[in-house]
Amino acid sequence: MDAFSAAKQRIAQQPRQFAWPPPVGTNLDAWGEQARAAVADLIGAQGARPDPAVKVVSEQSRDGYRLQEVEFRSAPEMVAYGYLLVPDRPNGAGLVCLHGHGPGVDPNVGLAPEDYQHAFGVQSVKLGFTTLAIEMLSFGKRRSSPVPEDPGASTCHRDSTAILHLGETMAGWRVRDARAGLDVLAQTAGVDPGRLGIMGISGGGTVSLLTGIVDERVQATVTSGYFNTFDASILAVDHCVDNYIPGMARLAEMPDLVAALAPRAFFAENGTLDPIFPVEAFRGACAKAQAIYEAHRAADRFGSEIFEGDHFFHGVGAFRFLQEKL
């Protein structure tokens with residue numbers, strides 16, 4: 001009589017179309033391309049994108065960079081929002097930064113008290129990356145009406161269920177925003193369009209991984225406090241509905257998805273005490289990711305770091321990896 005247990009049992013028994021390893025003799029590039037197309041179709045991240053038509057709402061000078069509040073179009077019916085951080089001495093690479101659950105993008109760019117994300121958008125621009133920190137849908141200024149009084153409360157549930165009613169996914173809509181963000185960076189002076197990356201924590205890690213998979217312009221993907229197995233993470237706790245993608249159980253477990261990303265660079269970090277994304281499952285996911293990159297003869301393009309602590313952004317190895325790969 002327990003729906004959750006019954007669903008978990010079926011998920012465990014469900015054959016996965018792109019379970020790693022593939023059959024002996026499989027062309028790995030073709031396998032990855034098929035998986036990439038399947039993920040894009042599943043989340044609804046296909047189709048043409050409009051010109052982002054960037055609008056600078058406000059601008060201020062900071063220590064070593066300019067902070068521009070921007071709006072840009074990500075779909076005919078949707079305007080995205082965030083901050084473009086332009087370093088005084090750009091290193092030529094562009095990086096999309098995606099926050100996790102909480103009050104939105106402001107703490108990530110130093111416009112609100114620092115939280116578990118440790119303002120990694122500011123860390124990024126300080127290292128010379130031209131950085132676009134996007135306010136993800138359902139947080140901050142992009143919450144739907146009526147807007148909750150608590151600034152840390154999201155409208156994820158309301159928004160995600162409306163999108164599901166369309167037969168689409170919140171993951172797909174957020175990936176669409178991130179891809180438009182890549183368009184913005186590619187058009188920004190001082191950015192080499194061939195040196196684009198994406199980084200996110202927690203729910204932002206979800207979007208970073210999926211965007212890195214479906215958009216081949218992304219040359220380096222970083223997830224913090226996300227890469228794991230679905231079974232040990234979002235299927236082991238009572239989690240926000242925006243994490244779930246109908247049909248993913250038939251497609252792949254999370255580590256299997258790396259085959260759609262390789263051999264482009266990928267780095268993942270996790271805390272030893274993370275209560276949502278357990279470290280032992282992270283170790284196992286990384287072992288499979290390493291095997292995938294080794295099969296592509298690109299072992300040096302995967303990296304990982306385990307740090308002491310719980311669910312927060314660490315970034316030491318991650319930024320070192322980005323500096324090397326981008």
**Q.** Distance-minimising heavy-atom pair for A19 and D256
**A.** CA-OD2, 3.6 Å

Q.
Would F267 and K325 count as a side chain to side chain contact (heavy atoms under 4.5 Å, CB included) here? Give the steps.
A. CA-CA 10 Å; F267 187 96; K325 303 307 178 187; over 6 Å; no

Q | Closest approach of E69 to S58 (non-hydrogen atoms, all atoms of both residues) | A | OE1-OG, 2.7 Å

Q.
Using the rule given for side chain to side chain contact (heavy atoms under 4.5 Å, CB included), can you reason through D310 versus Y116, listing the C-alpha separation, both sets of side-chain angles and the distance that settles it, and then say yes or no?
A. CA-CA 9 Å; D310 55 21; Y116 71 101; over 6 Å; no

Q: Mind checking the CZ-CG spacing from R36 to L257? Nearest 0.5 Å is all I need.
A: 12.0 Å

Q | Closest heavy-atom pair and its distance - F139, S154 | A | CE2-CB, 3.6 Å

Q: Please round to the nearest 0.5 Å and tell me the distance separating atom CG of L132 and atom OG1 of T188.
A: 7.5 Å

(Q) Nearest 0.5 Å, please: how far is CG in L137 from OG in S144? (A) 9.5 Å

Q: For residues T155 and P148, report the shortest heavy-atom separation together with the two atoms involved.
A: CG2-CD, 3.7 Å

Q) Any chain of hydrophobic side-chain contacts (each under 4.5 Å) joining V54 to L185? A) yes

**Q.** D177 bridged to R142 by N-O distance under 4.0 Å
**A.** yes

Q.
Less than 4.0 angstrom from a charged side-chain N to a carboxylate O is my criterion; do R66 and D88 meet it?
A. no

(Q) Is the shortest side-chain heavy-atom distance between H311 and P275 below 4.5 Å? (A) yes

(Q) Could you walk me through whether Y226 and I201 satisfy the side chain to side chain contact (heavy atoms under 4.5 Å, CB included) test, starting with their C-alpha distance in whole Å, then the side-chain angles of each, then the deciding distance to 0.1 Å, before giving a yes or no? (A) CA-CA 7 Å; Y226 177 69; I201 183 169; over 6 Å; no

Q.
Taking NZ in K55 as the centre, count heavy atoms belonging to other residues, nucleotides or ligands within less than 6.0 Å. Is the count above 12?
A. no

Q) Mind checking whether Q14 and Q9 have side chains closer than 4.5 Å, heavy atoms only? A) no

(Q) Between R73 (side chain only) and P76 (backbone N and O only), is there a donor and an acceptor less than 3.5 Å apart? (A) yes

Q: In plain terms, say whether R174 and D242 are close enough for a salt bridge, that is, a side-chain N and a carboxylate O under 4.0 Å apart.
A: yes

**Q.** Min side-chain heavy-atom separation N228-P278 under 4.5 Å
**A.** yes

Q | Working for side chain to side chain contact (heavy atoms under 4.5 Å, CB included), residues M136 and H99 | A | CA-CA 7 Å; M136 292 215 299; H99 63 80; 3.7 Å; yes

Q: Tell me whether L196 is reachable from L98 by hopping between hydrophobic residues (I, L, V, M, F, W, Y) whose side-chain heavy atoms are closer than 4.5 Å.
A: yes

Q) So how far is it from E168 CD to I245 CD1, rounded to the nearest 0.5 Å? A) 13.0 Å

(Q) What I'd like to find out is whether the side chain of E71 reaches to under 4.5 Å of the side chain of V56, using heavy atoms alone. (A) no

Q. Considering residues, nucleotides and ligands other than H239, do more than 12 of their heavy atoms fall under 6.0 Å from its NE2?
A. yes

Q | ring-ring contact (aromatic ring centres under 6.0 Å, His included) between Y293 and F266, intermediate numbers included | A | CA-CA 9 Å; Y293 274 85; F266 176 49; 7.1 Å; no

Q) Heavy atoms, side chains only, cut-off 4.5 Å: are Q323 and F129 in contact? A) yes

Q.
I'd like to know if K288 and E294 make a salt bridge, using a cut-off of under 4.0 Å between side-chain N and carboxylate O.
A. no

Q: Would you mind telling me which of L85, V109, L95, T130 makes a side-chain contact (heavy atoms from CB on, under 4.5 Å) with V125?
A: L85

Q) How long is the span from the CD atom in Q117 to the CG atom in N108, to the nearest 0.5 Å? A) 5.5 Å

**Q.** same_hphob_cluster(I198, Y81) at 4.5 Å side-chain heavy-atom cutoff
**A.** no

Q | E308 atom CD: more than 12 heavy-atom contacts under 6.0 Å | A | no

Q) With the 4.5 Å side-chain cut-off for hydrophobic clustering, are I213 and V207 part of the same group? A) yes

**Q.** Common cluster, V122/F313, ILVMFWY with side-chain heavy-atom separation under 4.5 Å
**A.** no

Q) Taking C-beta and beyond as the side chain, do F307 and T272 meet within less than 4.5 Å on heavy atoms? A) no

Q. Got a sec: does the CD of E149 have more than 12 other heavy atoms crowding it under 6.0 Å?
A. no

Q: Taking all heavy atoms of G100 and all of S202, pick out the closest pair and write down the distance.
A: CA-CB, 4.3 Å

Q. So, are D63 and K126 salt-bridged, with charged N and O less than 4.0 Å apart?
A. yes

Q: Please tell me if the side chains of R16 and L251 come closer than 4.5 Å, counting only heavy atoms from C-beta onward.
A: no

Q. Tell me, do M78 and R176 make a side-chain contact under 4.5 Å, heavy atoms counted?
A. yes

(Q) For the backbone of P263 and the side chain of R301, can you confirm whether one donor and one acceptor N or O come within less than 3.5 Å of each other? (A) yes

Q: Please round to the nearest 0.5 Å and tell me the distance separating atom OG of S304 and atom CZ of F282.
A: 5.0 Å

Q: Would you please test R143 and D159 for salt bridge (charged side-chain N to carboxylate O under 4.0 Å, His left out) and show each step?
A: CA-CA 9 Å; R143 294 178 294 173; D159 303 344; over 6 Å; no

